[in-house]
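The structure under discussion appears below in the form of structure tokens.
We use all heavy atoms of the structure for the numbers below, so side chains are in, but hydrogens, waters and symmetry mates are not. Chain letters run A, B, ... following the sequence lines, proteins first, then strands; residues in each count from 1. Worth saying up front: this structure is predicted, and the values here are computed from it rather than measured.
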Protein chains: 2
Amino acid sequence: MPDELSPRGRELVAAARVLLEAEGPEGLSMRRLAERVGVTAPSVYKHLPDKAALEHAVISDAFAEMAVAFAAAVDGAGDRLGALATAYRRFASAHPHLYRLMTTRPLDRGRLRAGVEAAAAAPLVAAVGGDADAARAAWAFAHGMAILEIDGRFPPDADLDAAWARGIAAFRPGAA
Amino acid sequence: MPDELSPRGRELVAAARVLLEAEGPEGLSMRRLAERVGVTAPSVYKHLPDKAALEHAVISDAFAEMAVAFAAAVDGAGDRLGALATAYRRFASAHPHLYRLMTTRPLDRGRLRAGVEAAAAAPLVAAVGGDADAARAAWAFAHGMAILEIDGRFPPDADLDAAWARGIAAFRPGAA
DNA sequence: TACGGTTGGTGAACAGCGTTCACCAACCGG
DNA sequence: CCGGTTGGTGAACGCTGTTCACCAACCGTA
């Protein structure tokens, strides 16, 4: 609960983010992180209770970043859903390791900074016209596309722009 | 390439599947697997080159299983897409650890048993009317729903039946 | 029948992981 | 000056995947 981090703690979270994005999850070990910051591994535990807390801090930052990116994307856009999908896809492609950390495997919401997930989700709910079921379906579609794309699950010759377009059309308010 | 496994090899793959489903990915270690089969860990390497090969063998089996489940689901169904979605969702819910192993993180197709992935995908392409873009979008939607559901990412009060229905309607042939 | 190669097992070891422990130096307020 | 907190340390524990040298049993052939 003492969501406040020491300056060293913030430094560690920032370094973890860099390490993760540069080398992937394998590269993000407590020893390597500590080394980056010029300290030994046990010292990390003076600032963060465990590795999960470190990851949740990185994830919280990322959700906050997502929220501002999404808000900017819909701002003044005619096709809000399309703009949002583009921003979503771009975020995942630009930060694949980070996106996987955020979305892969169960997430302990209690360890996330409060409100940060809802802030990222809000523009989508608005863009589909307030229909919660449609928002969840659209989110599932976007997440599925994004994760399958960055994981290289689609055939190399697949026209992903077309698949995205097909899904976006399906969830535009009033459709289906 | 010698896709043929020794009897012991098959025994190991079967035990790995049981271990994975019972205890999750943490429980699936080479030592614990070996112990289950009454052998020591280095012995496993006489039958399988490494842990990734073991996992790919489990995944190949699972895809083959999926393929027969999906074929059975669409067989004689009026709403093929709906039937397929139900079967997909049921598979993921019934085998969450297995489903995560199959779909989470990049997959080295070269290590999969040939054709097994395409066999699982075929019924969907048919159900959606042969449109590859729509099939990919529908797959992304189904995967997104399934993985978010088994990972507990939706709010506990979310009406997931409704979200599934909304997405299925969106991808029915002719829609959008 | 004796021999040689393959098959499949073993214990020991290595490097790396997250984490805990006892310890200690420096700082800071009373 | 003194006591407590803060933040660092090296050593260690148990776990991981994996490699190594070794060895016993089997099996086909000379």
Problem set entry | Contact under 4.0 Å: B/H47 side-chain N or O vs C/dG9 OP1/OP2 |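 Yes, because at least one side-chain N or O of B/H47 sits under 4.0 Å from OP1 or OP2 of C/dG9.
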Problem set entry | Phosphate-side-chain proximity, A/R8 and D/dG8, N/O vs OP1/OP2 below 4.0 Å |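 Yes, within the criterion.
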Selection from [options] that lies nearest to any side-chain heavy atom of [X]:
{"X": "B/K46", "options": "D/dT9, C/dG9, D/dT18", "result": "C/dG9"}
{"X": "B/S43", "options": "D/dT9, C/dT10, C/dC17", "result": "C/dT10"}
{"X": "A/V39", "options": "D/dT16, D/dG17, D/dG8", "result": "D/dG8"}
{"X": "A/P42", "options": "C/dG8, C/dG9, D/dT9", "result": "D/dT9"}
{"X": "A/T40", "options": "D/dG10, C/dT19, D/dG17", "result": "D/dG10"}

Rounded to whole angstrom units, what separation is found between the [atom1] atom of [X] and the [atom2] atom of [N]?
{"X": "B/M30", "N": "D/dT19", "atom1": "CE", "atom2": "P", "value": "10 Å"}
{"X": "B/E26", "N": "C/dT19", "atom1": "CD", "atom2": "P", "value": "12 Å"}
{"X": "A/E23", "N": "C/dG16", "atom1": "CD", "atom2": "C1'", "value": "15 Å"}
{"X": "A/L54", "N": "C/dT19", "atom1": "CG", "atom2": "C1'", "value": "14 Å"}
{"X": "A/E35", "N": "C/dG18", "atom1": "CD", "atom2": "P", "value": "13 Å"}
{"X": "B/L12", "N": "C/dG8", "atom1": "CG", "atom2": "P", "value": "11 Å"}
{"X": "A/E11", "N": "D/dT6", "atom1": "CD", "atom2": "P", "value": "19 Å"}
{"X": "B/Y45", "N": "D/dC20", "atom1": "OH", "atom2": "P", "value": "12 Å"}

For this session: Answer with base, sugar-phosphate or nothing: what part of the nucleic acid does B/L28 contact at a heavy-atom distance below 4.0 Å?
Result: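 If one applies the 4.0 Å heavy-atom cut-off, B/L28 turns out to touch the sugar-phosphate alone, with no base involved.
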For this session: Kindly indicate whether the side chain of B/R113, heavy atoms from C-beta on, has any atom under 4.5 Å from the side chain of B/F63.
Result: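 Heavy-atom side-chain distance check fails, nothing below 4.5 Å.
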Exercise. Do the side chain of A/R31 and the base of C/dG18 come within less than 3.5 angstrom through a donor-acceptor pair of N or O atoms?
Worked result: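 Yes.
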Exercise. With distance as the sole criterion, do the side chain of A/K51 and the base of C/dG18 form a donor-acceptor contact below 3.5 Å?
Worked result: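 By the distance-only test, no, there is no pair.
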Problem set entry | Check ion pair B/R89-B/D161 (N to O, under 4.0 angstrom) |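 The answer is yes: the pair qualifies as a salt bridge.
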Exercise. What's the verdict on side chain to side chain contact (heavy atoms under 4.5 Å, CB included) for B/K51 and B/V44, showing C-alpha distance, side-chain angles and the deciding distance?
Worked result: CA-CA 9 Å; B/K51 194 183 183 185; B/V44 176; over 6 Å; no
Problem set entry | Reported CE-to-CD distance for the pair B/M102 and B/E55, which is rounded to 0.5 angstrom |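 So the gap between those two atoms works out to 13.0 Å.
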Exercise. Can you check whether A/Y88 and A/W139 have ring centres sitting under 6.0 Å from each other?
Worked result: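 Judged by ring-centre distance (under 6.0 Å), A/Y88 and A/W139 do not meet the cut-off.
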Exercise. Mapping A/P49 and A/S29 to their closest nucleotides on DNA chain C, which lands nearer the 5' end?
Worked result: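 The 5'-side residue here is A/S29.
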